[in-house]
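Every heavy atom of this structure was used, including side-chain atoms; hydrogens, water molecules and symmetry mates were not. Numbers here simply count residues along the sequence, with the first being 1.
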Amino acid sequence: MKSPNFAKQSAKIIFVLTGTLIASGCDQSTTSNSKPDTNVADVVSDTGTTSATPNVDVGKTTSTFRGEVWGDNWSSMYLGETLVMEDSTPLTTERSFNAEVFTFEAERPFLLNVVMKDYTTNESGLEYIGANNQQMGDGGYIAQIKDVATGDIVAVSNADWKCLTINKAPLDKSCENSSNPLEECTWEIVDEPVGWKADDFDDSAWTSATVHSAQSVSPKDGYNEITWDPSAQLIWGPDLETDNTILCRVRVK
């Protein structure tokens with residue numbers, strides 16, 4: 001994250017990480033795990049606050065929004081193409097079940113783009129390979145966005161989100177206990193679609209996010225640090241175990 005001349009910018013996104021961060025997870029070494037472009041220009045003050053300036057029209061009326069998210073294991077959020085939140089606990093940290101709280105400024109309507117990742121050791125889709133707890137693992141994500149001035153919920157994670165799974169592994173779950181998963185497991189891994197964060201990107205072929213129960217996801221550390229609105233739902237791809245990297249888009253009207 002690098003910094004321009006802020007004196008020339010009157011419209012800002014303020015990105016503040018204040019969430020409860022609980023370590024976990026490990027690194028996902030797949031062709032789909034390149035970190036998305038972060039065309040954020042920001043500066044860190046001596047108070048620890050990170051300010052980011054996106055390409056927004058000066059003079060438009062903006063509101064301040066509070067974002068609250070929890071993910072197993074890792075997520076990032078973009079306002080259009082501008083990064084406003086990235087999980088501060090790396091995916092390489094064991095057992096990374098993380099809550100994040102942040103604020104940003106935007107003019108409604110606006111587009112939010114989210115990247116969600118579950119940890120996998122390699123392309124096989126398994127984790128902790130060779131250890132007693134070798135497994136496929138599972139994911140889960142929940143989010144809510146509030147208007148700070150009014151306290152109104154303006155967006156929550158639910159089936160209205162359009163999503164695309166770009167890392168799916170293993171395709172055959174019977175290889176979960178394989179001693180050589182890179183030879184015996186198969187996978188489907190593709191790159192992020194070019195321009196997928198753009199407002200005019202055609203996501204008509206993407207599917208609705210799948211809503212999962214708390215019993216299925218078993219949300220852990222950090223989840224209970226946030227009071228979730230009843231309308232906020234745990235989402236992921238159709239399969240909590242094999243869907244490892246997911247892209248989602250939602251428009252806030």
query: What is the distance from atom CG of Asn167 to atom CH2 of Trp187, rounded to the nearest 0.5 Å?
result: 10.5 Å
message: As an exercise, state the distance from OG1 of Thr64 to CD of Glu105, rounded to the nearest 0.5 Å.
response: 4.0 Å
query: Going hydrophobic residue to hydrophobic residue with side-chain gaps under 4.5 angstrom, can you get from Trp196 over to Val190?
result: yes
- prompt: Is the backbone of Gly237 close enough, under 3.5 Å, to the side chain of His212 for a donor and an acceptor to pair up by distance?
  reply: yes
query: Would a distance-only check, ignoring hydrogens and angles, find a side-chain to backbone donor-acceptor pair under 3.5 Å from Gln134 to Ser178?
result: yes
- request: Examine Lys117 relative to Trp74 and say whether NZ or CZ is less than 6.0 Å from the centre of the six-membered ring and inside a 45° cone about the ring axis.
  value: yes
- prompt: Are Thr121 and Leu126 close enough, and set up right, to give a side-chain contact (heavy atoms from CB on, under 4.5 Å), and what steps lead you there?
  reply: CA-CA 6 Å; Thr121 299; Leu126 305 185; 6.0 Å; no
query: Is there a chain of hydrophobic side chains (I, L, V, M, F, W, Y, each step under 4.5 Å between heavy atoms) that links Trp161 to Ile153?
result: no
- request: Over all heavy atoms of both residues, which pair between Asp72 and Asp118 is shortest? Give the atoms and the distance, please.
  value: OD1-OD1, 3.8 Å
- prompt: Backbone N or O of Asn113 within a donor-acceptor pair of the Arg249 side chain at under 3.5 Å?
  reply: no
- prompt: Sub-3.5 Å donor-acceptor pair from the side chain of Ser157 to the main-chain atoms of Ala143, do we have one?
  reply: yes
field: Heavy-atom check, side chain of Lys173 versus side chain of Asp239, under 4.5 Å
entry: yes
statement: Of Thr242, Asn244, Thr186, the one forming a side-chain hydrogen bond (donor to acceptor under 3.5 Å, both in side chains) with Lys168 is Thr242
query: Is there a chain of hydrophobic side chains (I, L, V, M, F, W, Y, each step under 4.5 Å between heavy atoms) that links Phe65 to Val252?
result: yes
field: Taking every non-hydrogen atom, the tightest pair across Ala198 and Leu111
entry: O-CD2, 3.8 Å
- prompt: Between Glu176 and Gln135, do the side chains contain an N or O donor and an N or O acceptor separated by less than 3.5 Å?
  reply: no
message: Could you check whether any side-chain heavy atom of Asp243 comes within less than 4.5 Å of a side-chain heavy atom of Pro238, counting everything from C-beta outward?
response: yes
field: Smallest separation among heavy atoms of Gly67 and Ile145, with atom names
entry: CA-CD1, 3.7 Å
Backbone of Val154 reached by a side-chain donor or acceptor of Asp152 within 3.5 Å: no
message: I'd like to know whether Ser76 forms a side-chain contact (heavy atoms from CB on, under 4.5 Å) with Leu83, so could you lay out the CA-CA distance, the side-chain angles of the two residues, the decisive distance to 0.1 Å, and finally the verdict.
response: CA-CA 8 Å; Ser76 60; Leu83 182 69; 4.2 Å; yes
- prompt: Would you say Met116 and Cys248 make side-chain contact, with heavy atoms under 4.5 Å?
  reply: yes
For Ser208 against Ala159, the heavy-atom pair lying closest together: CB-O, 3.2 Å
statement: Scanning both residues in full, the closest heavy-atom pair of Ala214 with Pro219 reads O-CD, 3.3 Å
- prompt: Do Arg251 and Asp199 sit within salt-bridge range, that is, some charged N less than 4.0 Å from a carboxylate O?
  reply: yes
- prompt: Passes side-chain contact (heavy atoms from CB on, under 4.5 Å), Val114 versus Tyr141? Steps please.
  reply: CA-CA 10 Å; Val114 177; Tyr141 178 86; 3.7 Å; yes
message: Tell me whether Lys162 contacts the main-chain N or O of Asp203 through its side chain, where contact means a donor paired with an acceptor under 3.5 Å.
response: yes
message: Under a 3.5 Å distance rule, please check whether Glu225 uses its side chain to pair with a backbone N or O of Ala99 as donor and acceptor.
response: no
- prompt: Side-chain contact, heavy-atom cut-off 4.5 Å: Val156 with Gln233?
  reply: no
message: How long is the straight-line distance from OH of Tyr128 back to CG of Asn133, given to the nearest 0.5 Å?
response: 6.5 Å
message: Parallel, tilted or perpendicular, judged at 30° and 60°: which one describes the rings of Phe201 and Trp206?
response: perpendicular
- request: For the pair Gln144 (side chain) and Thr227 (backbone), establish whether a donor and an acceptor sit closer than 3.5 Å, ignoring hydrogens and angles.
  value: yes
message: Could you measure the distance from the CD1 atom of Ile142 to the CH2 atom of Trp228? Nearest 0.5 Å is fine.
response: 5.0 Å
query: Given the rule that I, L, V, M, F, W and Y join up when any side-chain heavy atoms are under 4.5 Å apart, are Leu164 and Tyr78 in one cluster?
result: yes
- prompt: If only atom types and distance count, is the side chain of Trp70 paired as donor or acceptor with the main-chain N or O of Asp221 below 3.5 Å?
  reply: yes
- prompt: Got a second to check how far Ser75's OG is from Leu91's CG, nearest 0.5 Å?
  reply: 10.5 Å
message: Quick one, Asn122 and Leu182 - any side-chain contact, counting heavy atoms below 4.5 Å?
response: yes
Heavy-atom pair with the smallest gap, counting every atom of Leu247 and Val115: CD2-CG2, 4.0 Å
- request: Mind checking the NZ-CD spacing from Lys146 to Glu68? Nearest 0.5 Å is all I need.
  value: 4.5 Å
field: Glu100 (side chain) donor-acceptor with Ser88 (main chain) under 3.5 angstrom
entry: yes
- request: Side-chain contact test, heavy atoms from C-beta onward, threshold under 4.5 Å: evaluate it for Leu112 versus Phe104 and give yes or no.
  value: yes
- prompt: In the single-linkage hydrophobic clustering (I, L, V, M, F, W, Y; side-chain heavy atoms under 4.5 Å), do Phe97 and Val69 co-cluster?
  reply: yes
message: Any non-hydrogen side-chain atom of Trp236 less than 4.5 Å from a side-chain atom of Val217?
response: no
